[in-house]
Protein chains: 2
Amino acid sequence: MIIQIEPQSDIPIYMQLTNQILEGIARGALRQGESLPSVRAFAADLGVNMHTVNKSYHELEKRGIIRIVPKSGAVIQSQEAIEKNNPHYQRIQQEMKTVIAEALVLGFKSEQIEELVASVTKELKGKPRLK
Amino acid sequence: MIIQIEPQSDIPIYMQLTNQILEGIARGALRQGESLPSVRAFAADLGVNMHTVNKSYHELEKRGIIRIVPKSGAVIQSQEAIEKNNPHYQRIQQEMKTVIAEALVLGFKSEQIEELVASVTKELKGKPRLK
DNA sequence: TGTTTGTTCTACATGGAATAGAACAAATGT
DNA sequence: ACATTTGTTCTATTCCATGTAGAACAAACA
């Protein structure tokens, strides 16, 4: 997992970390059942504070991505099929609505959006286990 | 345009407003060439501060959605076809990547994502001019 | 000529973000 | 059994974003 943190960004560090861990899992660099590094080790590796990594882990837990076992580690959750009544589904739906609305207003055609979605999905799913 | 602001949300007011104006334009309730209300009038209408609305307008301008003419108004930009080298395209691409990564990790299948995208797009584009 | 417009400035209060250090009990390693 | 590492929970501090408030100004408008 290659993590790149930009301290000067307007996006909070813990959020940058959250998103990049998310992409890492989606790409298959991290798989279900595996554990994330300890908050102290990860923090030392990234050159950030322990509490910042901790906040990121709890953000991921709140979103249903990982499960934090006290005194043990942060385990990546199994990716089961998701239903429409799942609260996580609703959140994705809302986030998707915001992005698509902005895309449409900027002049994206429906076909362009579908094309972009397909290419991004392929990029993320395409090369499993690649570092 | 029906705007609903939740002051207690963890999403900043100016961002809630930005997103809802965005959706309003996407839906066709506001069309290119038309103007948004004055910052003072809109603020009074929503029960928020003038500066908050002002920040929202400038956020929309930064994203290429509206054009602010000093001493005049906030005009909705024309929605021309967008190219891949457009910086706004790149931003949408990045936002899309984040949402799709989260969706995949949560267990969305590729078909489910395409289905969600199609339904959201249809919902936004489906009923133009409907208040 | 008033009124409204967006802009700019100061000011203040609140809370998030990030860092830092310390302490604790539980889990792990040897 | 002992030492280390683990996540958690405190306190504390600094810096910045958010939101509100009030005032002033020049330009546009009626």
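Keep in mind the model is a prediction, meaning the values are calculated, not measured. Letters A, B, ... mirror the listed sequences (proteins, then strands); counts begin at 1. As a basis for the values below, the full set of heavy atoms in this structure was taken, side chains included, without hydrogen atoms, waters or symmetry mates.
When heavy atoms are screened at a 4.0 angstrom cut-off, Y57(B) is found touching no nucleic acid atom at all.
Dashed line: the shortest gap from a side-chain N or O of Y14(A) to OP1 or OP2 of dA17(C) is under 4.0 Å. A sub-4.0 Å separation between OP1 or OP2 of dG6(C) and a side-chain N or O of N54(B) is absent.
When distances run from any side-chain atom of I68(A) to the nucleotides dT19(C), dT20(D), dG7(D), the shortest one goes to dG7(D). Closest to the side chain of I13(A), out of dT18(D), dG6(C), dT19(C), is dT19(C).
Not a single donor-acceptor pair under 3.5 Å links the side chain of E61(A) to the backbone N or O of R67(A). No donor-acceptor pair closer than 3.5 Å links the side chain of Q90(A) to the backbone N or O of P87(A). The closest donor-acceptor contact from the side chain of Q16(A) to the backbone of E6(A) lies under 3.5 Å. The closest donor-acceptor contact from the side chain of T98(B) to the backbone of Q94(B) lies under 3.5 Å.
When the C1' atom of dG6(C) is taken as reference, atom CG of N49(B) falls 14 Å away, rounded to whole Å. To the nearest angstrom, P of dG7(D) lies 12 Å from CZ of F42(A). One interatomic measurement links the two molecules: CG of D10(B) to C1' of dG19(D), which rounds to 16 Å at whole-angstrom precision. For H58(B) and dT18(D), the NE2 to C1' distance is 16 Å, given to the nearest whole Å.
With hydrogens and angles ignored, a donor-acceptor pair under 3.5 angstrom links the side chain of H51(A) to the base of dG21(C).
Side-chain contact between R27(A) and E23(A) is present, with heavy atoms from C-beta onward closer than 4.5 Å.
Recorded end-axis angle for the helix from dT1(C)-dA30(D) to dT30(C)-dA1(D) stands at 40°, based on five pairs per end and rounded to 10 degrees.
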Review item, nucleotides 24-30 of chain D N/O atoms under 3.5 Å of protein N/O:
{"residue": "dA24(D)", "atom": "N6", "partner": "R40(B)", "partner atom": "NH2", "Å": "3.3"}

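Nearest-nucleotide positions on DNA chain C place A74(B) closer to the 5' end than the other of T52(A) and A74(B).
For residues 79-126 of chain A, every residue pair satisfying the ring-ring contact (aromatic ring centres under 6.0 Å, His included) rule, not counting sequence neighbours, is listed here: Y89(A)-F108(B), F108(A)-Y89(B).
Note on R91(A) versus E95(A): salt bridge recorded, some NZ/NE/NH1/NH2 to OD/OE distance being below 4.0 Å. Residues R31(A) and E34(A) are not paired through a salt bridge, judged by the lack of any N-O separation under 4.0 Å between the basic side chain and the carboxylate.
The two residues I113(B) and L104(B) make their nearest non-hydrogen contact at CD1-CD2, 3.8 Å.
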